[in-house]
**Q** 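Before anything else, here's the structure in question.
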Amino acid sequence: MNAKILSILAGIFLAVLVAFLGGMWTTYKNWWPWQQVDEARVAWRSFRATGRIMPLDTYARRRPDAADTRHAIHDAQAAAPGYWVINRFDADTGTYVLELFDGQGALVNTHPIDYSRIKEGGDPGEFAHIATMLPDGSVVVVWDDAPGMARLDACGAPVWAKTDQIYHHSLERGVDGYWTWASAIWNGGEDQRMIRFDPETGDILESIDLIDDVILKSPANALALQVPEEFEFDRTTQYGDRADIFHPNDVEELLPEMAAAFPQFEAGDLLISNRNIDQVAVIGRKTGAVKWSAYGPWQHQHDADFLPDGTISIFSNNTDRFRSNIIRIDPKTGVSEDMFYGKGVDFDSFIMGKQQRLPNGNWLITATIQGRVLEVTPAGKIVREYNNIIDETYNALVLYAEYLPPDYLTTVPACAK
């Protein structure tokens with residue numbers, strides 16, 4: 001073999017090697033052209049399943065035991081009277097909406113959640129993680145993957161909007177304002193703050209920095225959040241640069257009416273959830289001290305709630321275990337229980353998911369990925385359910401659902417357009 005042929009073969013080999021390594025790197029960094037290849041794969045997969053082009057993880061096979069109607073009331077006498085708010089992906093339009101249903105399951109109003117009305121050039125179908133309804137029928141929403149938080153009227157028009165940073169995961173009522181998480185960078189940013197804001201105006205009323213105001217306050221706090229000595233935080237990390245060490249996904253204030261049931265805490269203390277370390281913890285609002293923390297038996301949990309009986313309930317996603325559950329723990333004793341073990345209540349959401357204890361003792365369970373919402377008695381009987389139906393086989397995503405008492409709304413929302 002002469003030198004010319006060897007040089008040609010070497011050149012071909014080098015070109016193939018460079019193409020291979022370039023492809024591996026673009027895949028690792030999720031750069032173009034891998035993004036286009038991956039998007040085409042996702043689109044084809046969804047089209048084969050549903051006949052629609054849908055984003056990843058926005059649809060799933062409906063369970064065989066699920067109702068074949070969107071809203072089914074199985075036992076009206078056992079269901080809690082009041083409204084349901086459903087924040088869901090609309091497969092027909094490729095956008096997100098928030099819908100209000102009355103106690104009979106009738107649709108009262110639909111709020112479009114259109115990010116392009118919040119930020120010029122924004123994607124109308126931007127992922128809207130959570131939206132909650134205020135007493136006047138307006139809606140507060142955060143988007144997670146795009147900068148923004150907004151209050152929308154009954155027609156989906158912004159009353160106010162903020163696009164200065166990422167607001168994500170949680171919208172919980174406090175004594176004076178609502179709580180959420182805020183970060184300059186998401187997904188995976190280490191720069192995380194608990195934000196209390198005025199829902200009427202969007203003004204920030206309080207900010208508690210997870211690094212400065214909690215972790216660096218004491219060695220005990222750092223240990224509780226699994227941060228070793230002299231760990232160097234990077235507040236400018238981009239998605240994929242480093243491991244997502246916390247992934248905070250809930251913050252809830254201990255309200256005065258529940259404080260007596262938690263003598264080890266104070267009214268105003270904050271219950272937080274850090275998904276990626278399987279941790280729920282209570283932070284002293286005044287001192288920043290980690291007053292209590294626990295690391296399971298939940299796994300990659302969401303939505304930790306204070307309960308009136310002095311316990312804390314948690315939606316355990318149980319990622320890769322194909323069945324989620326609701327776990328309740330007593331922070332005084334450390335004793336925990338699976339609320340529906342052996343009761344035949346089967347639901348699964350490997351990410352996201354919500355749970356709410358209702359005034360009549362029932363539970364509202366949002367199985368996000370399954371596109372299903374259940375009202376379940378303590379004995380495990382499903383008395384009311386919602387399925388975000390696409391067709392005879394598939395449901396679309398339900399991001400969040402909440403129950404509102406009959407007297408919650410001062411104004412029932414209605415869009416005149």
Side-chain angles (χ1 to χ4, degrees), residues 67 69-90 92-93 95-115 117-118 128-142 149-161 170-180 197-202 255 257 354-360 362-366 371-375 383-389 396 398-417:
T69 58
R70 278 188 179 266
H71 216 130
I73 299 179
H74 304 294
D75 187 341
Q77 296 301 314
Y83 297 96
W84 276 19
V85 171
I86 305 288
N87 178 25
R88 67 179 182 89
F89 180 73
D90 185 346
D92 292 330
T93 63
T95 62
Y96 293 87
V97 298
L98 181 139
E99 294 181 330
L100 177 68
F101 296 90
D102 67 18
Q104 289 70 49
L107 179 63
V108 176
N109 192 63
T110 298
H111 292 68
I113 302 177
D114 183 345
Y115 186 67
R117 301 177 75 176
I118 306 305
H129 189 132
I130 183 171
T132 188
M133 185 167 285
L134 302 180
D136 70 350
S138 63
V139 167
V140 178
V141 58
V142 296
M149 174 170 64
R151 178 182 169 202
L152 309 177
D153 68 15
C155 298
V159 178
W160 56 257
S170 181
L171 286 168
E172 296 288 350
R173 180 180 63 86
V175 171
D176 180 17
Y178 276 64
W179 289 90
T180 188
F197 67 94
D198 183 346
E200 295 295 318
T201 63
L255 300 177
E257 57 265 32
K354 291 285 182 178
Q355 47 86 27
Q356 181 184 4
R357 184 72 181 271
L358 305 185
N360 67 348
N362 291 352
W363 292 81
L364 189 70
I365 300 170
T366 306
R372 194 180 187 202
V373 182
L374 305 172
E375 182 179 345
V383 297
R384 182 176 175 181
E385 68 175 292
Y386 175 92
N387 286 276
N388 190 14
I389 292 174
V398 173
L399 300 98
Y400 175 73
E402 66 179 332
Y403 161 86
L404 303 178
D407 59 352
Y408 176 83
L409 292 173
T410 57
T411 302
V412 177
C415 181
K417 294 182 180 179

**Q** To the closest 0.5 Å, what do you measure between CG (D153) and CG (D136)?
**A** 9.5 Å
**Q** Look only at the side chain of D75 and the backbone of V383, and say whether a donor-acceptor pair between them is shorter than 3.5 Å.
**A** no
**Q** Between N109 and A154, is there a donor-acceptor pair closer than 3.5 Å when you use the side chain of the first and the backbone of the second?
**A** yes
**Q** For A80, does its backbone N or O pair with a side-chain atom of E375 as donor and acceptor, under 3.5 Å?
**A** yes
**Q** For A161 versus I118, what's the shortest heavy-atom pair and its separation?
**A** CB-CG2, 3.7 Å
**Q** So, for T180 and V142, which heavy atoms are closest and what is the spacing to 0.1 Å?
**A** OG1-CG1, 4.3 Å
**Q** I want to check something: taking the side chain as every heavy atom from C-beta on, are N87 and I113 in contact at a cut-off of under 4.5 Å?
**A** yes
**Q** Keeping Y403 on the side-chain end and P81 on the backbone end, is there a donor-acceptor pair under 3.5 Å?
**A** yes
**Q** At what distance, to the nearest 0.5 angstrom, does CD of E385 lie from CG of L374?
**A** 6.0 Å
**Q** Mind listing the closest non-hydrogen atom pair of S170 and I130 along with its distance?
**A** N-CG2, 4.3 Å
**Q** Which of these passes ring-ring contact (aromatic ring centres under 6.0 Å, His included) with Y96: Y115, Y400, F89?
**A** F89
**Q** Contact between D114 and T95 at the side-chain level, heavy atoms closer than 4.5 Å - yes or no?
**A** no
**Q** With rounding to the nearest 0.5 Å, note down the distance linking CD1 in I365 to CD in Q356.
**A** 11.5 Å
**Q** Indicate yes or no: at least one non-hydrogen side-chain atom of R372 is less than 4.5 angstrom from one of V398.
**A** no
**Q** Kindly give the heavy-atom pair with the smallest separation between V141 and L152, and that separation in Å.
**A** CG1-CD1, 4.1 Å
**Q** Check for a donor-acceptor pair, side chain of R117 on one end and backbone N or O of P158 on the other, with a separation under 3.5 Å.
**A** no
**Q** What is the minimum heavy-atom distance between L364 and V373, and which atoms define it?
**A** CD1-CG1, 3.7 Å
**Q** Using a 4.5 Å cut-off on heavy atoms from C-beta on, say whether the side chain of V85 contacts that of T132.
**A** no
**Q** Are L409 and L100 packed together at the side-chain level, in the sense that at least one heavy-atom pair is separated by less than 4.5 angstrom?
**A** yes
**Q** Under a 3.5 Å distance rule, please check whether N360 uses its side chain to pair with a backbone N or O of N362 as donor and acceptor.
**A** yes
**Q** Once the angle between the rings of Y178 and F197 is folded into 0 to 90°, is it parallel (under 30°), tilted (30 to 60°) or perpendicular (over 60°)?
**A** tilted
**Q** Does E402 reach the main-chain N or O of M133 with its side chain, forming a donor-acceptor pair under 3.5 Å?
**A** yes
**Q** Roughly how far, to the nearest 0.5 Å, is CG of D102 from CG of L404?
**A** 12.0 Å
**Q** With rounding to the nearest 0.5 angstrom, report the CD1 to OG1 distance, I389 to T69.
**A** 6.0 Å
**Q** Any donor-acceptor pair under 3.5 Å linking the side chain of W160 with the backbone of P199?
**A** yes
**Q** Any non-hydrogen side-chain atom of H71 less than 4.5 Å from a side-chain atom of L107?
**A** no
**Q** I need the minimum non-hydrogen distance between P112 and V97, along with the two atoms involved.
**A** CA-CG1, 4.4 Å
**Q** One pair to check against side-chain hydrogen bond (donor to acceptor under 3.5 Å, both in side chains): Y386 and R70. What are the steps and the verdict?
**A** CA-CA 5 Å; Y386 175 92; R70 278 188 179 266; 3.0 Å; yes
**Q** Ignoring hydrogens and angles, tell me if any N or O in the side chain of H111 forms a donor-acceptor pair with the backbone of G137 under 3.5 Å.
**A** yes
